[in-house]
Amino acid sequence: MPTEHLDVLIVGAGLSGIGAGHYIQTECPWATYAIFEARGSIGGTWDLFRYPGIRSDSDMYTLGYSFRPWNGEKAIADGDSILAYIEETAAEERIDDKIHFHHRIERADWSTDDACWSVTARRTDPDAGTDELVELTAGFIFSCAGYYRYDHGHQPDFPGRDRFQGEFIHPQAWPEDLEYAGKKVVVIGSGATAITLIPSMAEDTEHITMLQRSPSYILSVPAENPLTSLLRRLLPPKYSGTIMRWFMAIMTQGMYQVSQRFPNAVARLLKRGVRAQLPDDFDVDRHFTPTYDPWDQRLCIVPDGDLFRSIDKGQASIVTDHIDTITEHGIRVQSGEELEADIIVSATGLELLFLGGIEATVDGEKVDLPNKLTYKGMMIEDVPNLAVALGYTNASWTLKCELTCQYVTRLLNHLHETGLRQCTPVNDDPTITEEPLLNLDSGYIRRAAHELPKQGSDFPWQVHQSFLADHRAMQRSDIHDRAMRFTNPAPQRTPESV
């Protein structure tokens with residue numbers, strides 16, 4: 001049997017993978033493509049995470065697709081609604097017909113002579129418990145697998161964990177049958193997962209405690225944006241959705257820039273907002289005053305102040321301390337206090353896995369990711385015909401991913417129209433210096449920094465983390481620049497070869 005060949009192979013059927021499918025089939029109708037998904041369902045993050053209250057940490061007007069504006073009522077949406085939105089998008093455009101489930105890409109080997117990737121995927125049959133290797137070729141690989149590791153999250157080695165007599169779980173592997181009603185729960189962590197779990201579980205537990213080593217910045221926002229209702233009454237969905245998308249993108253970017261320039265003022269403003277929603281005797285300085293500046297780590301969002309309401313009602317509490325040991329019946333912290341628990345939730349973060357763990361080679365040489373620069377935050381230095389959809393750290397994921405999708409289709413169309421077969425970002429500027437790829441100081445980024453590619457000190461190797469700057473640089477600019485090489489023309493067919 002001849003090896004299957006695809007013009008474009010998309011990796012991952014999550015939010016960005018379905019978006020990539022839309023852009024490939026609408027902007028490059030000549031291209032054959034398929035989406036390889038390692039798991040058995042659409043949705044990526046929004047299908048994997050099943051813990052109580054899971055929701056977006058960005059507004060849905062920017063996290064949703066520009067070509068299918070979010071029409072839900074809530075700006076901060078729950079996970080089930082987001083998953084349904086992705087599934088409906090895939091079904092409406094028949095993108096779901098292009099998905100190969102239970103196909104994990106293990107290797108991708110680029111051949112300049114053949115101008116294509118030789119891809120090895122592992123196809124599993126969960127019902128039969130079998131797996132086999134599948135080989136195919138692809139002219140272009142578009143990785144939309146994000147950078148989170150899906151098989152497990154970050155789990156510190158807590159002293160005494162083995163003697164705990166209750167249930168100890170990580171949110172990334174939430175048990176479907178977990179019963180927490182009427183029980184004492186301690187959630188370890190202070191990030192987005194922890195502040196989502198606390199109010200979602202508080203109504204049913206006997207008591208729930210958030211145990212944090214250090215606080216995070218938290219901002220309360222309305223669950224429903226009043227501007228949305230007004231625009232929807234006045235304008236068709238296409239126009240109201242576009243206006244809301246740009247409005248929220250500019251607002252988010254503006255807040256980030258203000259935080260960078262006036263961190264102390266923004267910190268005081270955020271703390272004042274927290275203080276206004278808690279009892280007068282609550283120790284805001286201890287429990288809600290981080291040791292870093294706003295946006296050094298991602299800002300946590302709570303809709304309608306739900307976390308603060310749970311604390312105000314006495315259903316939830318916060319302990320800021322370090323763990324001494326886990327005991328048979330809870331956690332003892334370094335101050336000597338013991339927090340009783342029937343269930344401990346280790347909301348201790350994620351692990352990163354770039355390119356979905358694909359082992360890539362170029363003409364037989366392994367791609368050494370930590371020693372490569374990223375081109376416009378979407379391609380890798382010296383690696384041909386491969387793009388990566390990575391979202392913003394200071395705004396919604398989809399804003400950057402859609403710009404990347406649009407840029408990729410421009411590259412593909414140029415190759416198709418010119419008969420060239422290879423586009424490769426090459427750095428020949430000796431003044432470019434390396435910088436970390438991601439601009440946050442979060443634990444999960446620090447732990448994986450040595451495994452990630454770098455960004456450069458100047459464009460096009462610099463990652464802007466700015467939708468406005470990227471919109472100018474990626475959507476309006478010419479795809480020809482000093483770094484991009486278009487090469488490898490298709491061989492001319494002679495009468496003898498026909």
Side-chain angles (χ1 to χ4, degrees), residues 1 3-6 8-21 32-52 54 78-109 117-138 141-155 167-179 193 345-346 349-360 388-389:
M1 295 291 292
T3 302
E4 179 186 6
H5 178 79
L6 298 167
V8 184
L9 172 59
I10 298 171
V11 183
L15 184 66
S16 51
I18 298 304
T32 58
Y33 84 95
I35 302 174
F36 275 34
E37 168 56 51
R39 303 174 68 248
S41 52
I42 291 174
T45 297
W46 304 107
D47 177 71
L48 173 69
F49 290 93
R50 300 297 180 93
Y51 59 81
I54 179 172
D78 61 90
D80 287 342
S81 298
I82 300 171
L83 179 58
Y85 171 76
I86 299 170
E87 292 173 336
E88 291 164 4
T89 303
E92 284 181 8
E93 301 198 16
R94 305 287 300 270
I95 299 170
D96 50 1
D97 293 342
K98 300 289 188 177
I99 303 174
H100 296 248
F101 292 110
H102 300 295
H103 282 65
R104 180 184 298 279
I105 307 296
E106 294 189 346
R107 285 187 58 86
D109 304 296
W117 291 95
S118 294
V119 178
T120 302
R122 185 171 297 277
R123 178 170 59 200
T124 60
D125 185 336
D127 295 327
T130 59
D131 66 72
E132 61 179 337
L133 294 180
V134 177
E135 295 185 350
L136 69 152
T137 59
I141 294 178
F142 193 0
S143 175
C144 297
Y147 48 55
Y148 296 141
R149 185 167 192 147
Y150 273 27
D151 54 351
H152 63 81
H154 176 62
Q155 186 62 274
E167 295 187 80
F168 190 101
I169 60 177
H170 192 285
Q172 195 162 323
W174 194 269
E176 292 184 8
D177 58 351
L178 181 67
E179 292 290 342
T193 301
V345 181
S346 180
L350 306 157
E351 289 196 359
L352 302 191
L353 186 66
F354 200 76
L355 279 182
I358 298 172
E359 184 178 335
V388 184

Item checked: Verdict with reasoning, Thr45 to Leu15, per side-chain contact (heavy atoms from CB on, under 4.5 Å) -> CA-CA 8 Å; Thr45 297; Leu15 184 66; over 6 Å; no

Next item on the list: Evaluate the side-chain contact (heavy atoms from CB on, under 4.5 Å) criterion for residues Gln172 and Thr193: first the C-alpha distance (whole Å), next the side-chain angles of each, then the deciding distance (0.1 Å), finally the verdict.
Entry: CA-CA 10 Å; Gln172 195 162 323; Thr193 301; over 6 Å; no

Check: Just wondering, do Arg107 and Asp109 contact through their side chains at under 4.5 Å, heavy atoms?
Finding: yes

Notebook entry, point to check: How long is the span from the CD atom in Glu132 to the OG1 atom in Thr124, to the nearest 0.5 Å?
Noted result: 10.0 Å

Checklist line | Leu6 side chain reached by Val119 side chain, heavy atoms, under 4.5 Å | finding: no

Next item on the list: Can you measure from CG (Asp96) to CD1 (Ile42) and round to the nearest 0.5 angstrom?
Entry: 5.0 Å

Margin query: More than 12 heavy atoms of other residues, nucleotides or ligands under 6.0 Å from CD of Glu92: yes or no?
Written below: yes

Check: Atom CD of Glu37 and atom NE2 of His102: how far apart are they, to the nearest 0.5 Å?
Finding: 9.0 Å

Next item on the list: Measure the OG1-NE2 distance between Thr137 and His5 for me, rounded to the nearest 0.5 Å.
Entry: 5.0 Å

Notebook entry, point to check: So, do Cys144 and Val11 sit near enough that their side-chain heavy atoms are less than 4.5 Å apart?
Noted result: no

Next item on the list: State, yes or no, whether a side-chain contact exists between Ile169 and Tyr51 at a heavy-atom distance under 4.5 Å.
Entry: no

Check: Hey, is CG on Asp80 packed in by over 12 heavy atoms from elsewhere, all under 6.0 Å?
Finding: no

Check: Any donor and acceptor pair, going by atom type alone, linking the side chain of Arg50 with main-chain N or O of Asp47 inside 3.5 Å?
Finding: yes

Note to self: Are Trp174 and Pro52 packed together at the side-chain level, in the sense that at least one heavy-atom pair is separated by less than 4.5 angstrom?
What the structure shows: yes

Item checked: With Arg104 via side-chain hydrogen bond (donor to acceptor under 3.5 Å, both in side chains) - residues at least two apart -> none

Next item on the list: Would you give the length of the straight line joining atom CD1 of Ile35 to atom CG of Asp97, rounded to the nearest 0.5 angstrom?
Entry: 10.5 Å

Notebook entry, point to check: With side chains defined as the heavy atoms from C-beta onward, is the minimum distance between Trp46 and Ile86 less than 4.5 Å?
Noted result: yes

Notebook entry, point to check: Partners of Leu353 by side-chain contact (heavy atoms from CB on, under 4.5 Å), sequence neighbours excluded?
Noted result: Arg149

Next item on the list: Would you indicate whether the side-chain heavy atoms of Leu136 and Phe36 approach each other to under 4.5 Å?
Entry: yes

Checklist line | By side-chain contact (heavy atoms from CB on, under 4.5 Å) - contacts of Glu93 (at least two apart) | finding: His22, Gln25, Phe67, Ile95

Notebook entry, point to check: In Å, rounded to the nearest 0.5 Å, how long is the span from CG of Leu9 to CZ of Phe142?
Noted result: 11.5 Å

Next item on the list: Can you see which heavy atom on Trp117 is nearest to which on Ala360, and at what distance?
Entry: CZ3-CB, 4.5 Å

